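Everything on this sheet refers to the single structure shown next.
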Amino acid sequence: RRMATTARQSLKIGLIPADGIGKEVIPAAKRVLEALGSDIPKPEFVSLLAGWEVFTREGYALPDETVEALKECDGALFGAVSSPSRRVTGYSSPIVQLRKELDLYANVRPVTSVAANPGDKPDVDLVVVRENTECLYVKQEQLTLTESGREARATRLITERASRRIGKMAFEIALGRPRQQVTIIHKSNVLSVTDGLFRETIRAVPKLSEVNGKYDSVKVEEQIVDSAVYRLFREPEIYDVLVAPNLYGDILSDAAAALVGSLGLVPSVNAGDNFVMGEPVHGSAPDIEGKGIANPLAAIRSAALMLRFQGYTAGADRIDRAVDQVIREGEVLTPDLGGKSKTQEVLDAVLKKL
Ligand code: GGG
């Protein structure tokens, strides 16, 4: 999927490392973009703030200046955020808010293993297309006190509009892949109204008049979410593109990362119709923060995926090939992959392969 790119002199990229190891892996991704030379317009970086640490210092997790500056950028890279599990007055997850503010309605998460030889078919090669703006992440939760104790409720929003656009994104991505298959993930045997609408709307996408038969070659399957997780672990090769509501997509893509060795390898982009923000799937990993051993490959691959969405295929291919070579050789790997190398050493190895 490519955004329309006009020939430009420079590429303005907002960098939001946010919390924890985000501050270690985003500079690595920046360094790789800088090393691409003429494969992309000269990158110009804008450092921006967001996250829990900013909140504890300033009282807000997503400064208005960050959102305004992003609107002037051609793309962005986000690191990771450490929201607390308890409710904190005045705090709201900046990544969830950013996706809404910029209408980045799709979170696209390719999960691909590296084949033993270049050109061989990888054992795992799937893409989770996660709806990014709705479901339980609308964060409408209420706590009430009843005669029998506290009662918590959450609203789960599924709209036809959001389901249709994420469906179109999934079909579009499937169209560019050899298997051309979309699996709709839902639980409409229990949640027949919300998941029922999601499933029905996506099934109807290929028949939309404006689609004009474009997706007729794409095979449509569906799977109940719990059985999808089971089959993902037993026979990942059955999947190509999985399209899911926000919460199922979040969980499924982290689970799928286990199939390729580490969460530290899985990239994503938050994509809208006019803007794309790369983001490693992993979180802020406070247990390893500051040790210099965070795996930078997911962030580096997220930079490649951002470029791919922007239409800079040559630059994206170069990064992906370099990362694959480093993984395939297996000599310079961080501890999450069983290695002993530092973030900087992995970055240096990628730069050498570029
Ligand atoms: N880069 C992905 C990431 O930050 N994951 C952690 C996450 O999703 N956190 C949600 C939050 O803290 O608000």
Side-chain angles (χ1 to χ4, degrees), residues 14-30 48-56 60-63 66-67 70 75-102 104-111 128-141 154 244-258 260 262-271 276-289 294-306 334 336 343:
L15 296 179
I16 316 152
D19 297 322
I21 62 165
K23 287 178 289 183
E24 299 167 41
V25 297
I26 292 300
K30 171 180 182 249
L48 300 167
L49 293 175
W52 170 251
E53 288 168 31
V54 177
F55 176 80
T56 54
Y60 36 79
L62 183 62
T66 295
V67 178
L70 283 174
L77 291 177
F78 187 95
V81 59
S82 319
S83 298
S85 305
R86 64 186 191 286
R87 185 162 184 257
V88 175
T89 309
Y91 181 82
S92 175
S93 165
I95 185 64
V96 174
Q97 220 178 315
L98 253 184
R99 289 167 182 160
K100 273 203 202 113
E101 293 262 1
L102 300 175
L104 305 178
Y105 61 84
N107 193 214
V108 180
R109 300 181 157 191
V111 183
V128 179
V129 180
R130 164 187 170 195
E131 202 290 319
N132 226 3
T133 61
E134 300 194 330
C135 192
L136 284 164
Y137 289 61
V138 293
K139 298 203 318 167
Q140 289 173 19
E141 297 185 290
N246 208 340
L247 180 63
Y248 305 155
D250 193 3
I251 297 168
L252 263 172
S253 48
D254 272 35
V260 293
S262 167
L263 252 183
L265 291 177
V266 182
S268 82
V269 286
N270 300 280
V276 60
M277 182 169 77
E279 181 193 2
V281 168
H282 64 71
S284 60
D287 54 330
I288 58 163
E289 180 185 354
N295 191 340
L297 296 179
I300 293 170
R301 280 177 159 176
S302 299
L305 198 56
M306 176 194 73
T334 42
D336 56 308
T343 309

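Counting convention: from 1, in listed order, for ligands and their atoms alike. Quick caveat, the model's predicted, so the values are computed rather than measured.
When only non-hydrogen protein atoms are considered, atom 13 (O) of ligand 1 lies nearest to S93 OG, 2.4 Å. Nearest non-hydrogen protein atom to atom 6 (C) of ligand 1 is V81 O, 3.8 Å. Looking at atom 5 (N) of ligand 1, its nearest protein heavy atom turns out to be G283 CA, 3.7 Å.
Counting all heavy atoms, side chain and backbone alike, W52 lies closest to V81 at N-CG2, 4.3 Å.
By the definition of a contact as any protein heavy atom under 4.0 Å away, atom 9 (N) of ligand 1 is in contact.
Proximity of V96 to ligand 1, defined as any heavy-atom pair under 4.0 Å, is not found for any part of the residue. Contact annotation for P280 and ligand 1: only backbone heavy atoms (N, CA, C, O) come within less than 4.0 Å of the ligand.
Around atom 2 (C) of ligand 1, the closest heavy atom drawn from K139, Q97, H282 belongs to H282.
Distances shorter than 4.0 angstrom occur between a heavy atom of G79 and an atom of ligand 1.
Every atom of ligand 1 is numbered from 1 in the order shown, and the set under 4.0 Å from a heavy atom of E279 is 1 (N), 2 (C), 3 (C), 4 (O). Listed by number with element, the atoms of ligand 1 under 4.0 angstrom from any heavy atom of S83 are 11 (C), 12 (O), 13 (O).
Tested against N246, the residues E131, R130, E134, R99 include a single side chain to side chain donor-acceptor pair (under 3.5 Å) partner, R130.
With D254 contributing its side chain and L263 its backbone, the two residues share no donor-acceptor pair below 3.5 Å. No donor-acceptor distance shorter than 3.5 angstrom exists from the side chain of S284 to the backbone of A80, with no hydrogens or angles considered.
Under the 4.5 Å side-chain criterion, counting only non-hydrogen atoms from C-beta, L98 is in contact with I16. When side chains are defined from C-beta on, V25 counts as touching H282, because their heavy atoms get closer than 4.5 Å.
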Problem set entry | Chi angles and distances behind the salt bridge (Lys or Arg N to Asp or Glu O under 4.0 Å) call for R87, E141 | CA-CA 11 Å; R87 185 162 184 257; E141 297 185 290; over 6 Å; no

Exercise. Which is it for L62 and V67 under the side-chain contact (heavy atoms from CB on, under 4.5 Å) test, yes or no, and what are the steps along the way?
Worked result: CA-CA 8 Å; L62 183 62; V67 178; 3.7 Å; yes

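Between S284 and ligand 1, not a single N/O pair is under 3.5 Å apart.
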